[in-house]
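Below is one structure, written out as structure tokens, with a few remarks after it.
These numbers come from the heavy atoms of this one structure, side chains and all, not from hydrogens, waters or symmetry mates.
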Amino acid sequence: MISEKGLLNSLLKAGVVKEENLEAIERELKNAGGPLTTVLERLGIATEQEVLDALSRHYMIPAIDLLNYEIDESAVDLIPADFARRHLIVPLRRRGRILTVAMANPGDLNILDDLKFITGYDIEPLLASDTAILKTLDKLLGNEDVMSQILESLEEELEIVEEKEEEPDLSELTSLIEEAPVVKLVNSIITEAVRKGASDIHIEPYEKFMRVRIRIDGVLHEFMPIPQKLRRAVVSRIKVMAKLDIAERRLPQDGHIKMKLPGRTIDLRVSTLPTLFGEKVVMRILDKTNLTLDLNKLGFEPKPLEDFIYAITRPYGLILVTGPTGSGKTTTLYSAINMLNTPEVNILTAEDPVEYDFPGVNQVQVKEEIGLTFASALRSFLRQDPDIILVGEIRDHETASIAIKAALTGHLVLSTLHTNDAPSAVSRLIDMGIEPYLVAASLNLVVAQRLVRKICSHCKVPDNPSPEALKRLGITEKDLEGVTLYRGEGCPKCNNTGYSGRDGIFEVLPISPELREMIIRNAPLHELRARAVEEGMITLREAAVLKLLRGITTVDEVIRVTAEE
């Protein structure tokens, strides 16, 4: 479980251990085991304090008395338990973008890099003895999570699966994936991810291990490792559930799973991708019980919401919702469709994929492999007497051209684009080859959006962010008069993240007569943006700061999600 090699090398460099001691140390570790400092004390080579003092001088890093240190429990779940035990690390506290950890071997730069990658924080290492770290980890991680208990309960059953160096053949694999341990493990992964409120499950193969991560409120968290002997079987089991070809491992595949859980049914969109060490699987969880289709509850500020509702209730024109993948664009469009869905109108949608079905709405699943693209679906829609058309995404000139034609001939068209802000949507359409005068004539409104994590209401405490962070956000002392900023300490209710749920921030750009004139003469993007702000557009950063000042989110989250103005 614990690798002593790196720590032993550091002690050699620090002069605590000599070359002639190595054979005896390795023999004692093999025969008797235990933490390295305990072994050194048994052999009379060095005491624990001597080890700490030497390493502290060598690395110029302070040593701490870990057993009497007050640990911020909200930081504990930032580092996976198996990683912490394997590399002798205890998360201590987080302040802003810095995570402070206790390490037995703070000189291991590879581990520090891995920590930064896993947590997303800058790492500040402190020194502690390996014995103190192990005791602390046992105390902190003594109550294993649900998935650990599930794996433990499967331990005896897993023994029936023999590990082989060579890949199992198809008949062996087919038999293996129907066995109870594999079925139970896959079902447990999905069920527990849904219980935690995850939106995605990532199953990722590496050379010597396979890990599972889940995305909660837009951020990936380490979930659990998969036993090495079940790597192929777990992936194949998921492929069988999604009706994919388990014999095809060289090409990506897409599928769909419908599962019944207590009190609800969930859909999972499954995607496989061949990587260097096997197939990676991502499952997008589509849970209708978590879907909010009320425009008033998405997070719009009052004036932008008024502008948006006015635009979608007009009889014709193009409305675009922009933002990166996972920013809530589909939810915004579905909320608009939900509001517009009445017996008096004919609504047609082309989607890839159709994530949720709407009674009364004619939804088409795009299938590019048979020629049913967004453009071809859109062409057919114009012969179906539509009032409102939703196009999942405008990806190319052909789709953009037909969408604009539809908007100019008396139809309301809603779609999405991948741009960073609202004014950039104009430039993107022109870059696709649409004439500026057509963009100006058809475009009614653009929405850019992001999702910010909300502070957990169960562990919400006042925060005192640094003046530099506030200055970076353009927040003045006057803005803070009578205002209390908050953060989440982390608790079991929010999986120790300090956040629970997300709220939308929106940049809404109505196309005014002045902006139409600027688009026709192909004005530069910075001029369009400046004019939009003059006309009262609330930028994404400004919308996020408003959430911050109301105590909905944190300074760190605003900086993470929005770009500098």
Side-chain angles (χ1 to χ4, degrees), residues 74 94 96-97 120 197 199 215-219 290 292-309 321-324 326-332 335 420-422 446-491 493-495 497-509 532-533 536-565:
S74 70
R94 54 179 176 181
R97 301 306 306 160
S199 61
R215 190 179 294 280
I216 301 174
D217 293 335
V219 177
N290 290 331
T292 300
L293 295 180
D294 185 345
L295 284 171
N296 294 295
K297 295 180 180 178
L298 296 184
F300 279 96
E301 297 299 319
K303 180 61 168 64
L305 177 59
E306 183 183 321
D307 291 336
F308 183 66
I309 291 176
V321 180
T322 77
S327 59
K329 299 188 299 296
T330 300
T331 301
T332 300
S335 298
N420 291 326
D421 59 16
V446 183
V447 178
Q449 70 178 83
R450 300 289 188 279
L451 294 173
V452 293
R453 291 182 292 173
K454 297 192 292 187
I455 301 168
C456 174
S457 59
H458 297 278
C459 59
K460 190 175 183 177
V461 296
D463 192 16
N464 187 26
S466 69
E468 293 79 13
L470 294 174
K471 183 179 178 182
R472 185 175 172 186
L473 295 178
I475 297 174
T476 64
E477 289 184 9
K478 185 178 179 181
D479 295 327
L480 293 173
E481 289 178 5
V483 170
T484 302
L485 302 182
Y486 294 92
R487 64 179 174 86
E489 284 193 310
C491 66
K493 294 278 187 182
C494 61
N495 299 310
T497 62
Y499 297 97
S500 180
R502 289 187 289 177
D503 207 7
I505 56 170
F506 298 88
E507 180 177 284
V508 177
L509 173 63
V533 171
M537 183 184 78
I538 299 173
T539 66
L540 286 168
R541 170 60 64 88
E542 290 168 345
V545 168
L546 289 172
K547 306 270 186 206
L548 169 66
L549 297 176
R550 293 188 195 120
I552 295 171
T553 192
T554 65
V555 168
D556 288 346
E557 187 68 0
V558 173
I559 292 173
R560 182 183 75 87
V561 171
T562 62
E564 303 284 351
E565 295 297 334

### Message
Using the ring pair (Phe, Tyr, Trp, His ring centres under 6.0 Å) criterion, which residues pair with F300? Sequence neighbours excluded.
### Response
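Counting only residues at least two positions away or on another chain, F300 forms a ring pair (Phe, Tyr, Trp, His ring centres under 6.0 Å) with F308, F506.
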Check: Can you tell me if CG on D294 sees more than 12 non-hydrogen neighbours from other groups inside 6.0 Å?
Finding: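 Yes, because the 6.0 Å sphere around CG of D294 holds more than 12 heavy atoms from other groups.
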Value rounded to 0.5 Å, distance of [atom1] in [X] from [atom2] in [Y]:
{"X": "I475", "Y": "L473", "atom1": "CD1", "atom2": "CG", "answer": "4.5 Å"}
{"X": "T539", "Y": "I505", "atom1": "OG1", "atom2": "CD1", "answer": "8.5 Å"}
{"X": "T497", "Y": "I455", "atom1": "OG1", "atom2": "CD1", "answer": "11.0 Å"}

- Item | Derivation of the salt bridge (charged side-chain N to carboxylate O under 4.0 Å, His left out) call for E557 and R560 | CA-CA 5 Å; E557 187 68 0; R560 182 183 75 87; 2.7 Å; yes
Fill in: Heavy-atom pair with the smallest gap, counting every atom of L295 and T332
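Answer, listing the atom of L295 first, then T332: CD2-O, 4.3 Å.
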**OP:** Taking side-chain contact (heavy atoms from CB on, under 4.5 Å) as the test, write out the residues that go with S457, two or more places apart.
**Re:**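 Testing S457 for side-chain contact (heavy atoms from CB on, under 4.5 Å), a comparison that skips the adjacent residues, returns none.
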From the options D217, D556, T554, select the one residue that forms a side-chain hydrogen bond (donor to acceptor under 3.5 Å, both in side chains) with Y499.
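In the set D217, D556, T554, the residue that makes a side-chain hydrogen bond (donor to acceptor under 3.5 Å, both in side chains) with Y499 is T554.
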**Prompt:** Between R97 (side chain) and G120 (backbone), is there a donor-acceptor pair under 3.5 Å?
**Reply:**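 Answer holds: yes.
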- Would you check if the side chain of K303 reaches a backbone N or O of M537 as a donor-acceptor pair within less than 3.5 Å?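 Not confirmed, K303 side chain does not pair with M537 backbone.
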Fill in: Qualifying residue for salt bridge (Lys or Arg N to Asp or Glu O under 4.0 Å) with D503, from K454, K547, K297
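Output: one option passes, namely K547.
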(request) Taking the side chain as every heavy atom from C-beta outward, state whether L480 and L470 have any atom pair closer than 4.5 Å. (result)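 Of all side-chain heavy-atom pairs linking L470 with L480, at least one is under 4.5 Å.
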Q) Going by heavy atoms in the side chains, are L549 and L485 under 4.5 Å from each other? A)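 With C-beta onward as the side chain, the pair touches.
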Q | Pairs meeting criterion salt bridge (charged side-chain N to carboxylate O under 4.0 Å, His left out) with involvement of residues 455-470, two or more places apart | A |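 Only D463-R487 qualify under salt bridge (charged side-chain N to carboxylate O under 4.0 Å, His left out).
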